[in-house]
Amino acid sequence: MSNLFLFWGLSAMGATFVAISGCALAKRKNRDIVLWTFICFCCGLLGLLPLACSETLEYDEDLDYKESDTLAYVMFVLALIWLGLTFYFGYSFVKSLPHFIR
């Protein structure tokens with residue numbers, strides 16, 4: 001039982017570390033911080049890689065205008081799909097386990 005808690009703890013710490021890294025990287029690249037933090041938390045490295053490879057958005061201080069972050073919206077939809085599939089397959093796996101293991 002303690003191995004299970006260790007696994008969940010390490011998984012939560014890893015996801016949190018990737019989310020914080022995504023938040024810092026999004027801030028450096030002038031992208032939506034909250035959206036990218038959620039994407040990186042849900043998708044892990046699959047969310048962090050497109051952010052790391054993307055270009056920095058330009059910000060015009062005179063016009064108070066920032067370029068559109070279309071990549072974030074596309075990745076948000078993919079993150080929701082990824083999250084839904086993860087819960088679905090995880091729930092299906094747990095339901096297929098014998099009752100005495102659950």
Side-chain angles (χ1 to χ4, degrees):
M1 192 64 148
S2 64
N3 288 340
L4 183 63
F5 288 122
L6 179 66
F7 173 74
W8 280 102
L10 290 175
S11 297
M13 286 176 25
T16 304
F17 176 74
V18 171
I20 291 170
S21 301
C23 177
L25 190 58
K27 186 174 184 177
R28 259 192 288 151
K29 292 189 174 248
N30 293 330
R31 295 190 175 264
D32 191 355
I33 295 171
V34 175
L35 199 55
W36 278 107
T37 302
F38 176 78
I39 291 167
C40 291
F41 185 79
C42 290
C43 295
L45 292 176
L46 293 177
L48 192 60
L49 282 174
L51 178 60
C53 295
S54 67
E55 295 180 1
T56 302
L57 294 181
E58 296 298 323
Y59 179 72
D60 189 0
E61 293 179 8
D62 296 334
L63 299 175
D64 194 28
Y65 172 76
K66 184 170 72 170
E67 287 183 288
S68 175
D69 197 3
T70 308
L71 178 63
Y73 300 120
V74 171
M75 286 301 298
F76 179 69
V77 171
L78 292 176
L80 290 177
I81 292 170
W82 182 269
L83 191 63
L85 288 173
T86 301
F87 277 116
Y88 173 74
F89 285 116
Y91 179 74
S92 298
F93 175 72
V94 170
K95 280 197 69 125
S96 70
L97 291 174
H99 181 63
F100 63 88
I101 294 178
R102 287 188 265 163

>> Under the criterion side chain to side chain contact (heavy atoms under 4.5 Å, CB included), I'd like the reasoning laid out for F41 against V18: C-alpha separation, chi angles, the key distance, then a yes or no.
In response: CA-CA 6 Å; F41 185 79; V18 171; over 6 Å; no
> Which value, rounded to the nearest 0.5 Å, describes the distance between L78 atom CG and C42 atom SG?
Replying inline: 11.5 Å
>> Side-chain heavy atoms nearer than 4.5 Å, only ILVMFWY residues, links allowed to pass through others: does that put Y88 and V77 together?
In response: yes
> Quick one: does E58's side chain get under 4.5 Å of N30's, heavy atoms only?
Replying inline: no
> Once you round to the nearest 0.5 Å, how far does SG of C23 lie from CG of D32?
Replying inline: 10.0 Å
> Hey, quick one: are L45 and L35 part of the same hydrophobic cluster, counting side-chain heavy atoms closer than 4.5 Å, chains of contacts allowed?
Replying inline: yes
> Just how far is it from atom CD1 of I33 to atom CG of L25, taken to the nearest 0.5 Å?
Replying inline: 11.0 Å
> So, for C40 and G22, which heavy atoms are closest and what is the spacing to 0.1 Å?
Replying inline: SG-CA, 3.7 Å
> Can F76 be reached from L48 by stepping across I, L, V, M, F, W or Y side chains whose heavy atoms are under 4.5 Å apart?
Replying inline: yes
> Do F87 and L83 come close enough that some side-chain heavy atom pair is under 4.5 Å?
Replying inline: yes
> Of the non-hydrogen atoms in G47 and M75, which two are nearest, and what is the gap between them?
Replying inline: CA-CE, 4.0 Å
> Taking side chain as C-beta onward, heavy atoms only, is L71 less than 4.5 Å from R31?
Replying inline: yes
> Side-chain contact, heavy-atom cut-off 4.5 Å: W36 with K27?
Replying inline: no
>> Any heavy-atom pair between the side chains of F38 and L80 that's under 4.5 Å?
In response: yes
> If you round to the nearest 0.5 Å, how far is CG of L51 from OG of S54?
Replying inline: 5.0 Å
